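Below you'll find the structure, written out as structure tokens, and then a few comments.
Please read these numbers as outputs of a predicted model, since none were measured by experiment. The basis for the numbers below is simple: all heavy atoms, side chains too, and nothing from hydrogens, waters or symmetry mates. Reminder, nothing fancy here: chain letters follow the sequence lines and each chain counts from 1.
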Amino acid sequence: MPELPEVETIAASLRRKAVGLEIAGIELYFPGLLRGDAAQLEKYRGKKITGVLRRGKMLLIACGEGLHLLFHLKMTGGFHWARKGTPRDAHTRLRIAFKNLDRDLLFRDVRKFGFLRCLETAFPLAGAELRPLGPEPLELDGRDFPSLLAGRKGRLKSLLLDQRFLAGIGNIYADEILFEARLHPLTVPSSLKVKETARLWAAVQNVLKKAIAAGGSSIRDYKDTDGMDGLFQNEHRVYGRKGRPCPRCGAKVRRLVIGGRSSFFCPRCQRPRGRRPSKGTSPSN
DNA sequence: GCCACTGTTAGCAT
DNA sequence: CATGCTAACAGTGG
């Protein structure tokens, strides 16, 4: 589910509605969610939420005294508020109750890929989960972008999905970025010309900013913290649009499997150039 | 029922 | 090291 724009939307919402609340207790319904010792959760009782950060696709809830809750939502994780006493459904993995509040914050995750790590450090960004991440795409200086592509031999689509390259881009936004930049997903990154690199950088910025402004993309599971859908799916130009006309030239959008991921692109606007032989299968639908 | 597909990435192979 | 494929899980749709 959540890529950078969705996690940013969730973080902003929690920042507005959860900062300042005092944690009354945390209930863990699915032990597999927690990386680490369940006893750590006890330390959060009585702590106030002091801030909410996003790093790549990860969400960091700061609770003072160096205590942080680090969530990765993976494919289907998400938060929502529920009245105290509302029965949890089968996919609710965690509940956070607050002092003097009649609503709890619930974490749901159908596929159970998500995780929670309790960090007890003033420098959570240096931890094992966050340290390997590449730069934040919306904070990086564009002048530093070209060097990130130097010597990269794989496929551009796969590189965009590599969180050590840039943090936060997932399958939807990789395809939308490549379309906007008019670059074929199989392009060899190190072969990009100066102008193509500039187009790619601009596309990264534009697509992510527009998606955040729209509250992210809701394809099937994603809802924000208040149960609202994002709107950016209405602006998708290639993702999930196989066989439909390219909004730029009218050619039929094609689908390739690259690195096991569906990849949608316009065969006319995104010409194969500097491309390596496709190892992707040719899906029949 | 079976098969393909899904917004992620850790872990393993090459 | 860099790159590529797949399994982990649960649900949906053809």
Using atom CZ of A:Arg131 as one end and atom C1' of B:dA10 as the other, report the distance to the nearest whole Å. 16 Å
I want to check a possible cation-pi pair here: A:Lys112 against A:Phe30, using under 6.0 Å from ring centre and within 45° of the ring axis as the test. yes
Between A:Gln163 and B:dT9, is there a side-chain N or O to OP1/OP2 distance below 4.0 Å? yes
Taking a hydrophobic cluster as the set of Ile, Leu, Val, Met, Phe, Trp and Tyr residues connected by side-chain heavy atoms closer than 4.5 Å, whether directly or through intermediates, do A:Ile212 and A:Trp201 fall within one such cluster? yes
Tell me whether the OP1 or OP2 atom of B:dT9 has a side-chain N or O from A:Lys57 closer than 4.0 Å. yes
With a 4.0 Å limit, can you tell me whether A:Ser262 has a side-chain N or O closer than that to the phosphate oxygens OP1/OP2 of B:dT6? yes
Given atom CZ of A:Arg35 and atom P of B:dT8, what is their separation to the nearest angstrom? 15 Å
Test A:Leu69 against A:Phe107 for side-chain contact (heavy atoms from CB on, under 4.5 Å), laying out the working first. CA-CA 12 Å; A:Leu69 298 170; A:Phe107 178 75; over 6 Å; no
Separation of atom CG in A:Leu256 from atom P in B:dC5, rounded to whole Å: 13 Å
What is the distance, to the nearest angstrom, from the CZ atom on A:Phe165 to the P atom on C:dT3? 11 Å
Checking side-chain contact (heavy atoms from CB on, under 4.5 Å) for the pair A:Ile172/A:His236: CA distance, chi angles, key distance, verdict? CA-CA 8 Å; A:Ile172 294 176; A:His236 291 174; 3.5 Å; yes
Base, sugar-phosphate or nothing for A:Tyr239? Non-hydrogen atoms, less than 4.0 Å. sugar-phosphate
Candidates C:dA8, B:dT6, B:dT9 - which lies nearest the side chain of A:Met75: B:dT6
CG of A:Leu166 versus P of B:dT8: gap in Å, rounded? 15 Å
Using the side chain to side chain donor-acceptor pair (under 3.5 Å) criterion, which residues pair with A:Asp104? Sequence neighbours excluded. A:Lys84, A:Arg95
Is there a donor and acceptor pair, one atom on the side chain of A:Arg111 and one on the base of B:dT6, closer than 3.5 Å? yes
Would you say A:Arg152 reaches C:dG4's phosphate, i.e. side-chain N/O to OP1/OP2 under 4.0 Å? no
Measuring only the P atom in each nucleotide, how far is C:dC9 from B:dC12? A whole number of Å is fine. 15 Å
Toward the 5' end of DNA chain C, which comes first, A:Ala90 or A:Ser158, by nearest nucleotide? A:Ser158
Nearest-nucleotide comparison on DNA chain C, the residue closer to the 5′ end among A:Arg261 and A:Leu159: A:Leu159
A:Lys112 side chain: which of C:dC9, C:dG4, B:dT8 is closest? C:dC9
Are A:Lys153 and C:dA2 close enough that a side-chain N or O sits under 4.0 Å from OP1 or OP2? no
Between A:Met58 and A:Phe264, who's closer to the 5' end of DNA chain B by nearest nucleotide? A:Phe264
Quick one: A:Arg108 CZ to C:dG11 C1', roughly how many Å, whole number? 11 Å
Could you tell me how far apart A:Arg164 (CZ) and B:dG11 (C1') are, to the nearest whole angstrom? 12 Å
According to a strict under-4.0 Å criterion, is A:His91 in side-chain N/O contact with OP1 or OP2 of C:dA10? no
Sequence-distant partners of A:Glu136, salt bridge (charged side-chain N to carboxylate O under 4.0 Å, His left out), two or more places apart: A:Arg54, A:Arg55
note: A:Asp162, atom CG; C:dA2, atom P; distance rounded to Å ~ 9 Å
Does a nitrogen or oxygen in the side chain of A:Arg255 sit under 4.0 Å from OP1 or OP2 of B:dC5? yes
According to the Watson-Crick and G-U wobble definitions, with both distances under 3.5 Å, which nucleotide is paired to C:dC9? none
